[in-house]
Amino acid sequence: MMRRLPALVLATLALGACTDRSPTDARAADAPPAPAVAASSPPPEGKRAFAPPPESAIPAGPYGDMVRLGREIFLHTRKNAPAYVGNGLACVNCHLDAGRLADSAPLWAAYGMYPKYRKKNDHVNSYGERLQGCFRYSMNGKAPPLEDKVILALETYSYWMAQGAPLGVALEGAGYPRVPEPGRAPDYARGQAVFQRDCALCHGADGQGQKVAGEYVFPPLWGPDSFNWGAGMHELDKAAAFIRANMPLSRGGSLSEQQAWDVAMFMDAHERPQDPRYTGDLAATRKAFHDTPMSLYGKRVNGRLLGAAPAR
Amino acid sequence: MPAGTTDAGCKVRLEWLCVLGGMLMASGWPALGNAASAQALASQGNGRGAPPCQSCHGTDGGGQAAAGFPRLAGLDAAYLARQLEDYAEGSRASAVMQPIARALSARERDAVAGYYAQLPVAAMPAAPKPAADGAGATLATRGRWSEQVPACEQCHGPGGVGVGAHFPPLAGQPAAYIESQLKAWQQGSRRNDPLELMQHLSRALSAEDIAAVAQWFAAQPLPAAKVGK
């Protein structure tokens, strides 16, 4: 472990997967100039349809075992990768149906888009680096070294799911579908009303989720066991997109666009664990990593300076 | 039986019971004075039309699997009280339970809910486990996301043990009861679920799905030590 530390620090310093892309960066990265493919087959929005193989098709043998291990890590992250997880979440909490569900940033649509240049850290990111970022921010943990079995297993699981998908082509159902900016600026009080009516049933009146026998059945939306201030979900546009498509659980698509933005704003105006890149100065950290209207980090909402008293 | 209500359970499986329920109502219950306690209510009725709960739900509150009477022991008190309210007010239709719930005062409903919630869950006889890769197990543990159906476990907890006041346990409930409720939601005769979660997702289920998933949950063990709040 000690031996690996320098590499780990290097690898994690520069990345921001699952995390911190600014809206401009996201646009630049997610909309590569679609080449001939889009021109020759123009389904909705020029994107290609793809369906991953059924789980029953995971083969026997060592390769299949690695696919299954990746799937287990994805579903029960804390149990199967305890060294790298610092909160109560699992990958599947934000990538539903074991990372298979369209419009829930499915793995089969992500895999073939890497390596990818990202303006944010100004280098080409491998898929492994992308996964590392998820651990560091969304899971509020530590990035597994690229050569760690955890990364290999998640890569293998993604690769298996993406078999037959075209390389470097934006697929239908990739990411979380953007929700157009609402007519009225997102509002805390309106978001709170949506939260109480449509979310508290499961995530709890205090947003801290609900547990059975010590394990979360309903994950926390903020507080010490949730994603940290560096995670992509803390940005309003990403949260609104995830929520509109996927929440309330089993009723995705039932909120209006305005409601999705309002409740995203309410959720992301609560304290959560500190951004691991925190420089010791809130304003400087905001400027360096959160200089976008989509982040409330370092902003004052309802009299509270967000990020000033991070949850732990 | 209130006119205009339909009761899926009655139609499908419990016809004789509706008759029995009707007879109990019609014969008039011997006056017992004010039910002194929730326990007396459960064992003797309230003398104002509510029969002894235990005649159907069992002396230990464990229900009766063969008849499809649900277990009440160890369920959340707030959940039970609200179900009684919903029967009384009509958003949950049942030819058997509606008249009973209407014969209870609000205080009696709360008291008897509290009584059943604190009863220990009796050990269940080991039931043969349905196939781990069958349709029931798949719905329960993986769902059917192509039709926006999450795994039942995602709301009802691992193995269907129940979560808090809003998500009742399914583990060890009679298969006939689970089936009748899923059909009641499909048909709209039970429509008291928050955010219409059950009404919505039950519509994606076929009769075969319902039978399979009901059997799967009925066979899940409920830790006997689990005592409700």
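Keep in mind that what you see is a predicted model, and the values were worked out from it rather than measured. Lettering of chains follows the sequences in order, A, B, ..., and the numbering in each one begins at 1.
Cation-pi geometry between Arg272(A) and Phe227(A) is met: the NZ or CZ atom falls under 6.0 Å from the ring centre, inside 45° of the normal.
In this structure, Glu72(A) does not pair ionically with Arg68(A), as no charged nitrogen and carboxylate oxygen lie closer than 4.0 Å.
Counting heavy-atom pairs under 4.5 Å between each of Gln154(B), Arg142(B), Glu147(B) and chain A puts Arg142(B) at the top. Counting heavy-atom pairs under 4.5 Å between each of Leu197(B), Leu201(B), Val163(B) and chain A puts Val163(B) at the top. Chain B forms more heavy-atom pairs under 4.5 Å with one residue of Leu75(A), Asp198(A), Asp97(A) than with any other, namely Asp97(A). If you tally non-hydrogen atom pairs under 4.5 Å between each of Gly157(B), Gly143(B), Cys155(B), Pro194(B) and chain A, the highest count goes to Cys155(B).
Heavy-atom distances place the backbone of Arg197(A), and not its side chain, under 4.5 Å from chain B. Contacts between Leu96(A) and chain B at a heavy-atom distance below 4.5 Å involve the side chain alone, from C-beta outward. For Leu101(A), the part sitting under 4.5 Å from any heavy atom of chain B is the side chain, from C-beta outward, and nothing else. Using a 4.5 Å cut-off between heavy atoms, Glu55(A) contacts chain B through its side chain alone, with no backbone atom that close.
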Walk me through it: do Tyr111(A) and Tyr157(A) pass the test ring-ring contact (aromatic ring centres under 6.0 Å, His included)?
CA-CA 10 Å; Tyr111(A) 185 80; Tyr157(A) 179 48; over 10 Å; no
Run the salt bridge (charged side-chain N to carboxylate O under 4.0 Å, His left out) check on Lys211(A) and Glu215(A) step by step: do they pass?
CA-CA 5 Å; Lys211(A) 285 183 179 177; Glu215(A) 294 295 325; over 6 Å; no
Could you walk me through whether Asp262(A) and Arg190(A) pass salt bridge (charged side-chain N to carboxylate O under 4.0 Å, His left out), step by step?
CA-CA 6 Å; Asp262(A) 288 343; Arg190(A) 282 199 311 266; 2.8 Å; yes
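In this structure the side chain of Tyr84(A) never reaches within 4.5 angstrom of the side chain of Met139(A), judged on heavy atoms.
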